[in-house]
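A short worksheet on the structure shown next.
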Amino acid sequence: MRSYTAALMASRPVDPQQSFPDLERDVLKRWGERDVFRASLRLREGAPPWVFWEGPPTANGPPGVHHVLSRAFKDIFPRYRTMRGYLVERRGGWDCHGLPVEIAVEKQLGISSKEQIEEYGIAEFNARCRESVFAFLADWNKLTERIGFWLDLDGAYRTLDASYVESVWWALKQIADKDLLYEGHKVVPYCPRCGTALSSHEVALGYQDVVDPSVYVRLRVVHDGGPLQAGDELLVWTTTPWTLVSNAAVAVDPELTYVRAKTGTLDAPVVLAEALVERVLGDPGAVQILERFPGAAIDGVHYEPPFGYLPSSAYGERGHTVLLADFVTAQDGTGLVHTAIAFGEDDFRLGAQYGLDVVNPVKLDGTYDERIGRYAGRFVKDADADLIEDLRSRGRLLRAEDYEHSYPHCWRCSTPLLYYAKPSWYIATTQVDLLAANEQVTWHPEHIKQGRFGRWLENNVDWALSRERYWGTPLPVWRCEQGHVTVIGSFEELRERSGVLLEDPHRPYVDDVTFDCEACGETATRVPEVIDVWFDSGAMPFAQRHEPFAGELALDEIYPADFICEALDQTRGWFYSLLAVSALLRGPDKPYDHVVCLGLILDEHGQKMSKSKGNVVGPWEVIDEFGADALRWYFFTSKQPWDGYLFSPEAIGEGVRLFLRQLWNTYAFSTLYEPEAALADAPATDLDRWARSRLSATIQTVTDRLDAYDATAAGRAVAAFVDDMSNWYVRRSRRRFWEGDGAAHDTLRHCLVTVSQLLAPFVPFVADEIYDNLDGSSPSVHLTDWPEAGERDLELERAMTVARETVRLGLAARGAAKIKVRQPLHEAVVVAAGPERDAIERLADVVREELNVRALRFVAEAGELGSYSLKPNYRTLGPRFGKAMPQVAAAVASLDAGHVADALRDARPVGIHLDGHDHDLGADDIQLVMAPLEGYQLEREGSHAVALDLELDDGLRREGLAREVVHAVQGARRDAGLDITDRIVLTLAGDDELLAAARAHERYLAGEVLAVGVHFDGDGDGEPASIEGRELRISVVRG
RNA sequence: GGGCGAUUAGCUCAGUCGGUUAGAGCGCUUCUCUGAUAAGGAAGAGGUCCCAGGUUCGAGUCCUGGAUCGCCCA
């Protein structure tokens, strides 16, 4: 066992009022001076690696408190693993490309369209993007450092670097070589303002509740056919009237039942799904059903389109006819679905199935082209009202109303998205087994795997990769006029073909590079698109190292990461792109092992934080007031992180008061007293052994929970131990510290130093300060090895639990009797038997002192103080007796309690009779419960009770008064502003009985108040005090 | 409309394998202790464990349905 005596002498004095933010700034300085982060990596050189990947944020906006959340969790596990002996490299990274950056620059420039960007010049525009993307880099770095997130910021990877781009190209080439990169003509969510298609994860970011028109349109049947006659009207429903101008067909479910119905208000019969008659036409009594038939019966029926701008022939043979489809439902609308091939995914598929031609009369800026007559040039969404009016005036409208629903908008500019058939480059992620890769990942919380993420992967569609934008990794696809496609996988390959070695691979420079097509010799030029930024981030594992060009690590040495951590919104973002890129390149092996998935941060009322609501709590205001440790501690321990947080400064302050202050004060106390030479080798007590055993238990729990990525339970276990130290170990051991007991000092020091190690991953600043002052044998706690749990003394731990319970009961009894703890009493009578009694006897001194009684008397029989009643233990008996439990309970209740108590004490079984069989019950099966006798002041719980002898004799009363005098003098010391270790000369005057009591216990009094001299001849001008109505005058002079 | 999650004291949260009388902290009331602690201790008030069914000897816990909230998707 190590002695801390030497270290003690060297320890700095500790300010109990220490400001944590100030302390943290000092610790940061020390880390800098001692180069601790780098030292922690050097220390583990050659050790087995434990791989962490930083999901790159974009630094073009200031970091918020939710970034502190993810950065706190990105820090705790790497710190822990480092202490466990792994080499944990932590490279920072920045996501540099993408629309957010372009939007910000557009705002700066006061422009808002692609034309304006090209007018401005792509080279200059991208140069501005390059600057703007790091506009808040300093803020990010400052915050990262301030919260103690150890990350290699100098060596951070950047997705805009040429080396990074080249690795991304390499990956795309690999994918193309597997025939998984293709250009498709698909309906994509498209932002007409940004002029680009959006990926599904981008669409997910922009759903808004909006009110759209909901229109029911009547389409006149042209020829008799099947159950229908010319002039009948097909009813279709849509919430996008602007697509009606390019209506190409009507879809029905072949198996659904439709009706031809006559209403009171319309001349012609109408056609719709039977199930929707009432919803669409109202009062069913006023509707006459003429025919009922399945949808298949009207296959091929011709109708007049709602608008005549585009002739049926434009769509081919089946233009403006009824088609059979599998996506029609009778959930809403009419059961007949308006189909505009260019503007819906289902529509497009159906059109392809029936061989309809794609006709798209909407230009890329979202306005109608010249084919749409009077609407040409108008933004489609703005034309809705006029189109509806047009239908109404021509008798084609059944009804138009408002319809509130959630509709996707552009996540950056809030423009409503259009679904739009466009050529676009895809990665065939449906051809790789993403589910198999996910299967091997361990998610925290578990349900993400099969739930949110797994369900989403099951419905995975091909990855729409291309963006018709400027600031991004250029799609490395060149195409000649013959349409031959060449995918370039490196700068060197491009140089070989074109003779150009790119310095900057971005647009517009890369756009100028051409070469002769290998297949036909014609000139190949690059396609104009850049790629989805999520592909950039998904390529981060190898691109951050410029692999495979650097040639240091193979893919299977790079993958998988041991740990990644991001917020829940990344299920469709980085979690997906990492998984997909890995699966595309290396198959179904897991890309990452453990994922901690964090929840959202809401304000204290559960509202989203937003600038417009003014409820945003910034990271700096919290850190400046409470410190980074406080914020970290809150995130780690206030709740399970994936459930999200109701965030308020008050909640953080509570953690400071209840945990950090308690820890700090315990630490400060440990530096107040020095061991006396004579007591340096004092023997360890049960209390010492208890503290060390509890420490071992805590090490076990914290290690176990951190291994399971459960910071919450781990942190709470440390807090519980710190509370045990502060409110029990130190409280019960104070006198030993005053006296200079070496064993007590060593125990407390050992516990605190070990706690500082356990806390190092959680609250790295306070932990390091405590370690540095109390031990300091290493330059930082973060350079130490994680503590090993020592042996535990389970019997002693259990005994202490019983003893503390006994104290609690005794104090409750005092409270009930209104006898202050200062007043000593003769004895406490404890009812306990067997191991409980052994436990209390073993720790009798602790119990006596805490209760301030001279003696403990044990009563094994309940009879003297109360009587036992019996209760069955359902937990043990339930599984054994099952349905018979009610009879067992009755049998137990009818046993003689005294007899059972005797039997159980002697470890003899108790028999009950049930259904003609005898059963033996043991001590675990029956609980003895105290029932009090009348007339006794006692507190009981379970089988265990404490009663107090309240009789006072003169001796006890004098001692009680002496304690009151001590209490009063301590108050006077404090009022006089003395340090707690100052010696005094004490002069008392006043009530004779008080003075007599003080005189009788003079040595005790002097010892307690650190008096080097006590005089009882005061002249009455000391500080007045009143004890039980008696007057005392106290004068205190520093001695 | 679908998926996932949540709902336990005024507030923030625990609650293991289904087991007796559901816990902690904060806040509140009363009392108390103090030679580290703006702390600690005791007592009190505060609960239809979202609702309704079901399974079970026994349900906060398992099942089914529903409500509300959040996120995601249509």
Side-chain angles (χ1 to χ4, degrees), chain A residues 14 16-17 200-201 203-205 207 329 331-332 345 405-408 445 447-448 450-456 458-459 568-569 571-572 599-600 602 604 606 608 634 637-640 642-646 648 650-651 653-659 661-673 712-713 716 719-720 723 726-728 730-731 734-735 737-738 807-816 818-822 850 852 871-879 881-889 927 929 939 966-967 970-971 973-974 978-982 1007-1010:
Chain A
V14 176
Q17 311 291 326
S200 55
H201 24 285
V203 174
L205 298 171
Y207 273 84
T329 71
Q331 296 286 338
D332 47 23
E345 204 174 324
H405 64 153
S406 173
Y407 190 83
H447 60 74
I448 302 282
Q450 303 301 343
R452 181 177 283 242
F453 195 59
R455 291 292 174 126
W456 190 67
E458 282 171 18
N459 298 313
L568 201 62
D569 55 0
T571 39
R572 282 150 185 79
L600 303 163
L602 305 172
E604 58 193 311
K608 251 187 188 168
Y634 166 78
T637 59
S638 71
K639 60 186 305 197
Q640 295 291 334
W642 32 83
D643 290 337
Y645 296 81
L646 300 184
S648 69
E650 290 71 34
E654 187 176 315
V656 173
R657 267 192 308 126
L658 291 177
F659 176 68
R661 279 286 157 214
Q662 186 181 43
L663 171 68
W664 189 262
N665 285 320
T666 307
Y667 155 63
F669 176 83
S670 77
T671 63
L672 279 181
Y673 303 100
T712 312
R716 288 177 179 179
D723 189 68
S726 171
N727 283 325
W728 193 245
V730 171
R731 173 189 164 94
R734 270 191 288 237
R735 193 164 298 274
F737 284 92
W738 308 337
V807 167
R808 201 177 67 75
L809 294 175
L811 289 174
R814 269 188 179 269
K818 299 209 181 299
I819 305 282
K820 291 181 180 181
V821 181
R822 271 198 295 272
E850 193 67 17
N852 195 16
K871 288 190 106 177
N873 183 357
Y874 282 81
R875 197 186 281 267
T876 60
L877 296 174
F881 290 100
K883 284 188 187 186
M885 269 314 287
Q887 294 94 294
V888 173
Q927 292 170 319
V929 180
E939 293 292 325
V966 168
H967 181 60
Q970 301 296 15
R973 282 182 58 112
R974 186 176 326 169
L978 296 177
D979 274 353
I980 47 182
T981 49
D982 280 343
E1008 291 295 299
V1009 305
L1010 303 186

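Order of the sequence lines sets the chain letters (A, B, ...), proteins ahead of strands, with each chain counted from 1.
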Same-atom distance ([atom1]) from [N] to [M], integer angstrom:
N	M	atom1	answer
B:A14	B:U7	C1'	15 Å
B:A39	B:G27	P	8 Å
B:C26	B:U21	P	28 Å
B:A22	B:G58	C1'	15 Å
B:G60	B:U16	C1'	14 Å
B:U55	B:G41	C1'	46 Å
B:U12	B:U64	C1'	32 Å
B:C49	B:G23	C1'	12 Å

Look at the side-chain N and O atoms of [X] and state whether any lies under 4.0 Å from the OP1 or OP2 oxygen of [N].
X	N	result
A:Tyr645	B:U12	no
A:Gln970	B:G35	yes
A:Arg734	B:A36	yes
A:His967	B:C33	no

When the distance from [atom1] of [X] to [atom2] of [N] is rounded to whole Å, what number comes out?
X	N	atom1	atom2	value
A:Arg973	B:U34	CZ	P	14 Å
A:Leu663	B:G40	CG	P	15 Å
A:Ile448	B:C4	CD1	P	12 Å
A:Asp723	B:G40	CG	P	8 Å
A:Phe737	B:G35	CZ	P	17 Å
A:Met885	B:G19	CE	P	13 Å
A:Gln662	B:C26	CD	P	10 Å
A:Leu658	B:C26	CG	C1'	7 Å

Under 4.0 angstrom, heavy atoms only, what part of the nucleic acid is [X] near: base, sugar-phosphate, or nothing?
X	result
A:Arg735	nothing
A:Thr666	base
A:Leu602	nothing
A:Ser726	base
A:Lys639	sugar-phosphate
A:Val14	nothing
A:Leu600	sugar-phosphate
A:Gly653	nothing
A:Pro445	nothing
A:Arg822	sugar-phosphate
A:Asn873	base

So which nucleotide from [options] ends up closest to the side chain of [X]?
X	options	answer
A:Leu672	B:U12, B:A36, B:G70	B:A36
A:Tyr874	B:G35, B:C71, B:U20	B:U20
A:Arg452	B:U56, B:G70, B:A36	B:G70

Nucleotide paired to [N] in any strand shown, Watson-Crick or G-U, under 3.5 Å:
N	value
B:G47	none
B:C69	B:G5
B:C13	B:G23

Can you name the closest pair of heavy atoms from A:Arg661 and A:Gln17 and give their distance? NH1-C, 3.9 Å
Identify the two heavy atoms, one from A:Ser726 and one from A:Thr666, that lie closest to each other, and give their separation to 0.1 Å. CB-OG1, 3.4 Å
Is there a side-chain contact between [X] and [Y] in this structure, where contact means two heavy atoms from C-beta onward sitting under 4.5 Å apart?
X	Y	result
A:Arg452	A:Arg572	yes
A:Val14	A:Trp664	yes
A:Leu1010	A:Arg973	yes
A:Arg734	A:Tyr673	no

Atom pair CG (A:Leu646) and NZ (A:Lys639), whose distance is rounded to the nearest 0.5 Å: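 Result: 5.5 Å between the selected atoms.
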Could you tell me the separation between the NE2 atom of A:His447 and the CZ atom of A:Phe453, rounded to the nearest 0.5 Å? 14.5 Å
Side-chain donor or acceptor of A:Arg455 under 3.5 Å from a matching atom on the base of B:C72? no
I want to confirm an ordering. Mapping A:Gln640 and A:Ala668 to their closest nucleotides on RNA chain B, which one lands closer to the 5' end?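 Per heavy-atom nearest nucleotide, the more 5' residue is A:Gln640.
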If each of A:Gly878 and A:Asn665 is mapped to the nucleotide of RNA chain B with the nearest heavy atom, which maps nearer the 5' terminus, i.e. the 5' end?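 In this pair, the answer is A:Gly878.
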Determine if A:Trp738 stacks with B:G35; use a centre-to-centre distance below 5.5 Å and an interplanar angle below 30° as the criteria.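 Yes, aromatic ring over the base.
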Classify the ring geometry between A:Tyr645 and A:Tyr634 as parallel (under 30°), tilted (30 to 60°) or perpendicular (over 60°).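 Rings of A:Tyr645 and A:Tyr634: tilted, 30 to 60°.
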